[in-house]
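First comes the structure, then the notes that go with it.
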Amino acid sequence: MKFWRTPLDIDKLQIPRGELHILKERCKGCGFCVEYCPKGVLELSDEFNSKGYHPPKAVKPEECVNCDLCELLCPDFAIYCVRAEAGEKEVSN
Amino acid sequence: MKFWRTPLDIDKLQIPRGELHILKERCKGCGFCVEYCPKGVLELSDEFNSKGYHPPKAVKPEECVNCDLCELLCPDFAIYCVRAEAGEKEVSN
Amino acid sequence: MKADPKNVLTGAHYLDGNHACAEGAIAAGCKFFAGYPITPSTEIAERVSRRFPLIGGVFIQMEDELASMNAILGASWGGVRSMSCTSGPGFSLMMENFGLGLMLETPCVLVNVQRGGPSTGLPTLPGQADMMQARWGSHGDYEVIALAPDSPQESFELAVHAFNLSEKYRMPVLIMTDECVGHMTEKVVIPDADQIELIERRYTDKKPGEAWPFEETEDLVSPMLPVGQGYKFHVTGLTHDYRGYPVINAEAQHKNVSRLMDKVRKHADDIIWLEEKDVDGADVVVVSYGISSRVVQPAIQRAVKDGIKVGQIKMVTVWPFPEKRIAELAGKVKSLIMVEMNFGQVFLEMDRCAKGKCETYLVGHAGGTVHKPDEIYKTIKEAAK
Amino acid sequence: MKADPKNVLTGAHYLDGNHACAEGAIAAGCKFFAGYPITPSTEIAERVSRRFPLIGGVFIQMEDELASMNAILGASWGGVRSMSCTSGPGFSLMMENFGLGLMLETPCVLVNVQRGGPSTGLPTLPGQADMMQARWGSHGDYEVIALAPDSPQESFELAVHAFNLSEKYRMPVLIMTDECVGHMTEKVVIPDADQIELIERRYTDKKPGEAWPFEETEDLVSPMLPVGQGYKFHVTGLTHDYRGYPVINAEAQHKNVSRLMDKVRKHADDIIWLEEKDVDGADVVVVSYGISSRVVQPAIQRAVKDGIKVGQIKMVTVWPFPEKRIAELAGKVKSLIMVEMNFGQVFLEMDRCAKGKCETYLVGHAGGTVHKPDEIYKTIKEAAK
Amino acid sequence: MATTEIRITGFGGQGVILCGYIIGKAASIFNGQHATLTQSFGPEARGSACSSQVVVSDTRVLYPYVTAPQVLLAMSHDGYMTHKDKVAKDCIYVYEKDLVRLEKHGPKTSAFGVPATRIAEDLGRKIVLNIVMLGFFAAVTDVVPHEALRKAVETSVPSGTEELNLKAFDKGYEYGIELKEKAEVKV
Amino acid sequence: MATTEIRITGFGGQGVILCGYIIGKAASIFNGQHATLTQSFGPEARGSACSSQVVVSDTRVLYPYVTAPQVLLAMSHDGYMTHKDKVAKDCIYVYEKDLVRLEKHGPKTSAFGVPATRIAEDLGRKIVLNIVMLGFFAAVTDVVPHEALRKAVETSVPSGTEELNLKAFDKGYEYGIELKEKAEVKV
Amino acid sequence: MSAKVEEQVREEHPLEKILRMDRIPHIWCPTCGLGTTVTALSSALEQLQLDTNKVAVVSGIGCTGRVAGYMKLDSFHTTHGRAVPFAVGLHIARPDLKTIVFSGDGDLISIGGNHFIHTARRNVDMTIICVNNFIYAMTGGQVAPTTPLTAKAATTPYGNAEHPFNLPLLAASSGAVYVARWTALHVRRLTVAIKEAIQKPGFSFVEVIAPCSTLYARINKLGTGLDLMKFYHDNSVIRHGADLNDVDIDFQSKIVVGKFVDIEKPTYIDCLNAGNKRAFGDKYKPYGGGNGDN
Amino acid sequence: MSAKVEEQVREEHPLEKILRMDRIPHIWCPTCGLGTTVTALSSALEQLQLDTNKVAVVSGIGCTGRVAGYMKLDSFHTTHGRAVPFAVGLHIARPDLKTIVFSGDGDLISIGGNHFIHTARRNVDMTIICVNNFIYAMTGGQVAPTTPLTAKAATTPYGNAEHPFNLPLLAASSGAVYVARWTALHVRRLTVAIKEAIQKPGFSFVEVIAPCSTLYARINKLGTGLDLMKFYHDNSVIRHGADLNDVDIDFQSKIVVGKFVDIEKPTYIDCLNAGNKRAFGDKYKPYGGGNGDN
Ligand SMILES: Cc1ncc(C[n+]2csc(CCOP(=O)(O)OP(=O)(O)O)c2C)c(N)n1
Ligand SMILES: Cc1ncc(C[n+]2csc(CCOP(=O)(O)OP(=O)(O)O)c2C)c(N)n1
Ligand code: SF4
Ligand code: SF4
Ligand code: SF4
Ligand code: SF4
Ligand code: SF4
Ligand code: SF4
Ligand SMILES: [Mg+2]
Ligand SMILES: [Mg+2]
């Protein structure tokens with residue numbers, strides 16, 4: 001029993017930063033990304049998309065650590081994160 | 001685990017005697033009865049029945065203890081044993 | 001026998017064809033339903049599952065359609081009126097054991113709510129392209145009874161009728177409806193229980209030891225033997241004799257299969273149910289069944305307004321096919337038109353029975369929607385020329 | 001393409017129809033066989049299982065007939081010629097996924113060695129009562145190609161032909177043989193490999209990204225896309241467009257189903273294979289197929305000796321039905337007689353196409369044995385009157 | 001009119017079918033008319049646009065589908081856009097004001113909008129939006145009498161929710177009556 | 001004769017089918033005749049009576065079944081009893097002497113018996129009884145030439161067993177020749 | 001002790017009452033073990049002193065499938081693989097009857113495998129007796145899902161390439177509440193197992209290893225049925241409550257027999273009644289059978 | 001850390017290469033978990049750096065069955081229940097391809113249950129990903145063989161009376177060599193499991209518990225898909241190598257997840273080759289695929 005990888009919580013020493021992309025028209029407002037972003041980067045916006053859903057918006061974009069969890073959980077391929085060009089910072093704890 | 005009954009070998013104190021009935025025309029000569037009679041009562045005869053099989057014959061009928069094993073094993077319902085009217089005898093061992 | 005009031009949802013209801021069909025079955029005393037979900041039939045199963053507990057029925061969703069078909073046969077032999085429903089793909093899967101039902105002469109009802117095929121096709125849109133499958137889908141020779149409702153009201157009524165026929169002729173009976181009727185909601189008036197006549201299963205009046213499951217009778221329908229009452233009968237899907245014992249030769253085959261077929265063929269006049277309108281003296285007769293027999297009417301009305309003498313035959317029973325009536329009409333009319341939601345299935349039988357004595361037309365299409373009255377109207381015009 | 005010599009058992013052999021059929025398939029390059037045992041077809045599977053290992057084929061006995069049918073479809077999409085065999089009960093079970101094969105336009109060959117039905121019926125005795133099932137047994141509208149051999153020799157030849165048709169028209173092809181032919185042993189002469197012409201599968205010549213699995217082509221047969229080569233195509237049993245993507249509406253349905261049917265209907269002249277004898281100028285023509293087309297011959301010979309002008313049509317292909325030819329003949333002869341081992345199946349089509357222009361007769365029976373030439377002779381006499 | 005075709009459109013979960021059901025039931029069970037309800041849905045429709053159609057007539061409905069509805073009841077913009085042009089010349093658009101952005105239509109058409117979602121939310125259950133629409137429909141069209149519709153609502157909603165639903169119906173109705181009294185919104 | 005019908009009968013395991021197969025193969029592959037072999041078996045037949053039929057002809061065999069055989073080759077009493085009366089008037093009975101108790105037959109028939117089981121047992125393999133019968137058949141009938149039959153035996157038995165089987169064939173043949181030389185057994 | 005040899009067939013065999021004597025002799029081959037398994041069932045019914053009017057037997061197609069035809073009970077010879085779902089319908093219509101399915105390994109586990117696992121899962125109250133002869137006998141000896149790896153069959157002439165099922169494990173994993181395995185030789189213990197299985201409420205499963213002499217034994221050169229019986233004698237290991245992962249059967253390996261599972265679990269009808277009771281309270285009348293012979 | 005919000009759909013999502021973007025947006029409901037499981041498969045394929053030309057995916061019918069239609073791979077949307085046997089044929093014809101079956105619990109385990117157990121038994125080299133949403137979603141929420149006892153469904157309006165399958169146990173008892181279970185929430189671990197399963201020679205099985213918001217959650221009043229994800233979060237227990245008898249799922253019970261089985265066993269083709277080699281020696285050329293695109 002030794003096969004898995006990085007657990008959900010972040011325990012690396014070096015944390016990258018992420019650039020979020022939200023494809024609002026695809027979003028169906030499920031809230032998975034918002035709920036499970038480990039850094040609380042996201043919130044559902046008040047705005048409607050044309051299907052009548054509230055896509056998320058990044059309320060603390062600078063906190064994004066490019067963990068990709070939002071991307072992985074999004075059932076509608078509506079959000080993704082790419083590693084930001086900017087430098088990396090160390091974990092505080 | 002406590003449900004079964006008399007094992008194949010005879011371990012009762014009182015042994016009944018059996019009267020064998022062999023329905024020769026039904027027999028297909030498999031030899032099950034002969035092989036598994038605990039008392040060696042039976043042998044396949046040389047005689048053919050009309051299908052060309054050798055039905056068993058009782059070579060030691062007096063040894064039959066009415067255990068019914070021949071009857072139970074016979075796949076052709078060709079042999080059975082009923083309890084003989086005569087008295088019962090004790091097991092020697 | 002009258003229906004049991006506690007089963008009958010007397011009154012006027014706004015129901016779709018599937019729910020109405022379920023109510024018909026329940027009114028007919030159906031107490032066992034085994035099914036496997038498939039669009040567009042599932043509402044029948046769902047309604048039954050909701051209705052059964054308080055009236056002593058059991059609904060079971062089986063692992064597949066093969067199991068469903070067999071379970072209703074088993075239940076029917078257990079003395080209970082039983083039913084299943086499905087649509088094309090499931091109907092295909094049931095074909096082997098539909099044949100077992102015919103061979104064991106087991107009363108039960110099977111509903112096919114037709115959708116567009118072949119294969120997975122159009123799960124949510126209507127078709128009438130399983131009609132020949134209903135007639136020929138299982139291997140070997142046999143005859144079937146198949147009914148086609150045109151509305152929720154008729155879905156109710158024909159469900160009752162199907163159970164009656166199945167008991168009368170001791171065989172599975174098919175209801176060949178379609179997505180449009182199944183999902184169409186209309187007013188359904190359900191009569192009082194004492195207005196619903198049910199045909200009781202005929203059981204042997206002989207004693208155990210004297211009765212056999214396929215005894216020869218004049219009407220070719222043998223009384224059934226009840227389970228659990230000492231008859232200790234045997235039945236098999238192999239070719240068998242009156243005792244239900246397998247007999248593997250051509251003679252037994254002839255007897256066995258002839259009887260299965262003749263029981264329908266010789267009672268065809270009793271079974272066949274046609275609704276005719278303005279057929280006498282018509283130049284053109286439009287033949288159709290199920291939903292198609294409704295949508296032809298605006299077209300007919302229009303043609304009649306044009307002065308064309310158009311009659312209509314609605315086939316409430318599609319199988320057995322009304323050979324005699326069609327042959328007779330063919331000698332009298334200019335044209336026969338078959339309107340069906342397929343590329344020509346029941347048409348083939350109509351065409352055959354017409355024997356070239358009149359023109360025959362098919363108004364058919366691949367399914368997915370009902371006919372536009374326009375197409376039908378055009379063919380009537382053409383056929384009247 | 002010529003057959004591969006290492007597959008072909010060239011020479012004269014004393015084989016039964018089933019073994020000959022297996023050899024035909026092997027000669028045609030079949031390399032995958034999935035089957036489920038059923039009398040009287042099992043010898044085909046058994047022979048294949050013995051022959052395959054040394055020629056690089058795989059035989060797999062699946063858990064049931066449903067699995068077998070699907071496995072041969074999967075293998076065919078894997079680029080391998082594939083086959084299964086069965087008899088009535090199994091054929092019924094395959095009907096749903098036979099439909100999938102038609103819908104996905106998958107080349108493969110399915111053999112039904114017919115026995116007496118319905119249900120378990122007569123496992124070891126012949127019948128021809130699955131003929132209409134072959135045509136209509138799956139739900140929805142479609143057309144099929146079905147061949148009927150009359151001997152072990154033809155079992156070999158038609159197996160090769162079936163593979164060729166299946167590749168040419170990109171569809172499953174049926175061989176509808178029967179217990180009598182399947183279990184009848186006769187001399188079979190297998191030619192040299194270079195005498196056996198095989199039709200190669202047509203694959204797209206477009207590049208990945210540009211090709212679709214159901215492209216519209218003039219001959220209605222789309223080239224296939226190979227797996228594993230980057231085409232990354234999608235196919236579905238749902239109604240679909242040329243891309244293989246589901247489209248659930250009446251228009252897509254019309255396009256999709258019409259094409260499936262037209263691909264057979266428009267090539268009917270190429271597909272239909274009749275063997276005619278003394279038909280020109282005949283008063284009576286005996287139509288039949290498979291084993292029945294052999295046993296009619298003594299009867300015809302006897303009638304000819306009586307001075308009756310009798311012709312024979314042997315239908316090597318039963319489906320598509322030779323509508324045109326029958327219609328034409330009906331205008332010329334006094335009578336058409338259909339001889340088949342059932343209570344009238346292909347007869348219905350013959351009768352229909354005759355359009356009342358001549359008398360039609362059926363010599364049919366329930367199966368279990370072939371026709372006695374006597375019955376046929378009597379009908380010929382009657383029909384010549 | 002002898003025959004009226006009505007199409008109700010929206011997305012899954014809005015109660016599009018129930019809406020049609022109630023209209024049909026009102027007409028056929030409580031008003032002696034004939035009414036045939038059909039629905040379009042598909043495996044393609046998981047959670048997306050769906051629509052139901054009712055044909056109300058004085059005589060038996062023979063052709064069950066709607067061809068050119070005299071009323072289009074739109075609860076989503078998607079649905080509205082899909083169906084808005086496939087209507088009768090004199091079509092009445094009955095629409096949810098906040099969800100549908102009305103576009104230009106033919107000269108003989110009329111359109112009535114209601115903020116049904118907001119009204120429903122005010123009642124505490126967004127889910128009754130369809131019943132608000134129905135009340136509104138009862139007010140701005142005369143296909144089925146108000147009383148029949150109200151009765152159909154009462155007998156069609158889950159038991160225990162009758163009161164809430166009737167309130168929703170009434171709110172919609174009132175809104176419609178007021179609106180009608182003001183003026184018809186021509187577009 | 002242009003067409004000869006032969007029925008072979010016995011019980012499962014005696015090689016009834018192989019026997020027919022060899023006759024058919026001999027005729028069609030090694031003697032330029034037409035020969036159609038069919039077999040009757042059924043689920044009813046597990047280990048009980050079975051039979052095979054060969055029609056040998058100079059022209060193509062059209063009707064595949066045997067109707068009234070000119071030769072009945074009987075390897076079991078059961079089989080013999082079942083089929084003995086459904087034969088041609090001039091039928092030749094070829095039978096296993098120890099298994100079949102011959103009965104009375106029509107005046108034009110003839111019968112030849114061979115103790116095939118005993119001969120086979122003498123050869124050490126009871127299983128070749130059918131091949132002994134075949135050799136005997138070759139001797140007492142003239143449907144298929146001896147040489148063709150012998151070749152068919154050689155090419156039809158499991159490889160490795162050719163010698164044994166040919167020996168069995170020869171034994172049966174010799175027995176038949178001797179018997180024929182003695183006299184025909186009329187019954 | 002006098003041996004009385006009947007000169008001709010006389011119908012006084014003790015099983016006469018429970019067998020259809022008008023169909024005996026049966027079709028099975030000499031030294032086939034099936035007849036012995038019929039005796040076991042018959043004895044079990046006799047010993048239980050059940051009202052045999054209230055016992056139904058359902059079979060599929062196969063040599064074993066012919067059992068229904070020999071039992072003098074309400075008996076159904078259905079289609080290949082479908083005995084179980086047929087029995088499900090019969091049982092639900094008439095839960096007062098004891099429903100017994102008696103069929104072969106191919107019938108029950110290959111083509112009928114899905115019904116087997118689902119009916120076990122539902123814990124439908126019936127008894128399944130599966131004769132495992134390691135082969136498809138009726139059709140001439142093709143490979144079965146029980147044929148041991150490397151064993152030969154008509155369709156695996158060079159040795160079977162498929163791992164066989166471990167039937168007790170499959171049954172138990174699917175939900176069976178009673179699982180036992182015996183060979184035809186263990187006829188008394190088998191009888192006891194069948195009795196226990198019939199009495200057990202819920203889905204009970206008895207696997208019977210039995211000789212197919214004509215096909216399995218012949219193709220694999222294992223001798224006659226008697227030789228197989230001797231093999232069972234020498235190679236059976238009785239291990240009640242064995243870990244089911246250890247009861248696989250390899251080609252000519254030891255055969256672990258015994259009672260493996262005997263647990264309590266509500267049956268399908270129990271659960272149905274419980275659920276409806278929860279929903280409807282006293283308005284609900286517990287289901288105890290269909291409306292009978294309507 | 002700048003958040004760039006696209007104003008309209010732009011096809012630059014990282015999964016673009018592996019998804020049929022011309023078919024996105026997909027048909028699945030809001031808060032349905034299926035999309036997440038697709039991401040897991042896609043990520044697994046990406047991470048394995050397999051040649052995606054050599055990966056085929058086969059689905060049956062159902063909401064989950066639509067997965068094949070969204071993967072940009074050779075992809076087959078077969079009939080209900082038949083993905084596995086179709087895949088068996090495909091795999092045997094082209095063992096060089098990775099064959100993945102991705103379908104629903106109803107499709108794979110109810111109507112397709114027989115193929116599932118037999119293909120596991122044969123240890124055919126393929127990967128099965130089964131999305132267990134406890135329901136028949138596509139047809140409107142009927143009971144599935146995974147629906148917990150007492151849970152409601154469209155055909156069990158008063159609570160399910162059937163014991164559900166324990167899928168890992170069923171798979172393992174049938175012969176699977178790799179068995180794991182995760183929920184849609186465990187998307188990373190699920191991705192790892194899928195990677196392991198794909199790499200494992202033989203029959204590998206991954207059960208994915210995923211939310212059906214529209215039907216299972218609604219009928220059982222469990223909230224939205226997000227509520228189910230939260231439930232998984234709170235109630236999943238990771239227990240690798242758990243005793244499979246302990247991983248049943250009751251209604252709203254704890255869900256044991258983890259990797260349960262990872263063993264070595266020769267595959268179907270291995271056994272085939274071994275058997276033929278035994279029979280023919282060097283004359284036999286090990287089978288490695290059909291004759292390709294003939
Ligand atoms: C649908 C269908 N497929 C195949 C068959 C052919 N068939 C009859 S019995 C049988 C196998 C029987 O094997 P098993 O159940 O093990 O019984 P056994 O004969 O070994 O006792 C098969 C495949 C059939 N009758 N129906
Ligand atoms: C032979 C057949 N029977 C029934 C159906 C109807 N059907 C389509 S999907 C489905 C169930 C799907 O359930 P599941 O596999 O769990 O997938 P989900 O929709 O839950 O993802 C059914 C019964 C069918 N298409 N074909
Ligand atoms: S990448 Fe990770 S940290 Fe960044 S928004 Fe997504 S979930 Fe939050
Ligand atoms: S996970 Fe995706 S669909 Fe859900 S709210 Fe976030 S962006 Fe929208
Ligand atoms: S009853 Fe027992 S002792 Fe007597 S002969 Fe039979 S087996 Fe032997
Ligand atoms: S067991 Fe029966 S069949 Fe076998 S030899 Fe004895 S009496 Fe004969
Ligand atoms: S073939 Fe096998 S199982 Fe069938 S009767 Fe003969 S020995 Fe028994
Ligand atoms: S019905 Fe359920 S499984 Fe299907 S798409 Fe909607 S939420 Fe997903
Ligand atoms: Mg078996
Ligand atoms: Mg599901």
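By convention in this document, chain letters (A, B, ...) are assigned in the order of the sequence lines, proteins followed by strands, and residues within each chain are numbered from 1. Since the model is a prediction, treat every value here as computed from it, not as a measurement. Values below: all heavy atoms of this structure, side chains included; hydrogens, waters and symmetry mates excluded.
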So, is the end of the Arg150(F) side chain (NZ or CZ) under 6.0 Å from the ring centre of Phe169(F) and within 45° of the ring's axis? no
Side chain, backbone, both or neither: which part of Leu122(D) has an atom under 4.5 Å from a heavy atom of chain F? neither
Tell me, side chain or backbone of Tyr21(F) under 4.5 Å from chain D's heavy atoms, or both, or neither? both
Lys372(D), His371(D), Gln297(D): which one forms the most heavy-atom pairs within less than 4.5 Å of chain F? Gln297(D)
For each of Asp16(D), Asp150(D), Ile291(D), tally heavy-atom pairs with chain F at distances under 4.5 Å, and name the one with the top tally. Asp150(D)
Tell me yes or no: between the side chains of Gln33(F) and Ser57(F), is some donor less than 3.5 Å from an acceptor? no
Do you see a donor-acceptor pair shorter than 3.5 Å between the side chains of Tyr36(D) and Gln61(D)? no
Ring center gap for Phe343(D) and His365(D) short of 6.0 angstrom: no
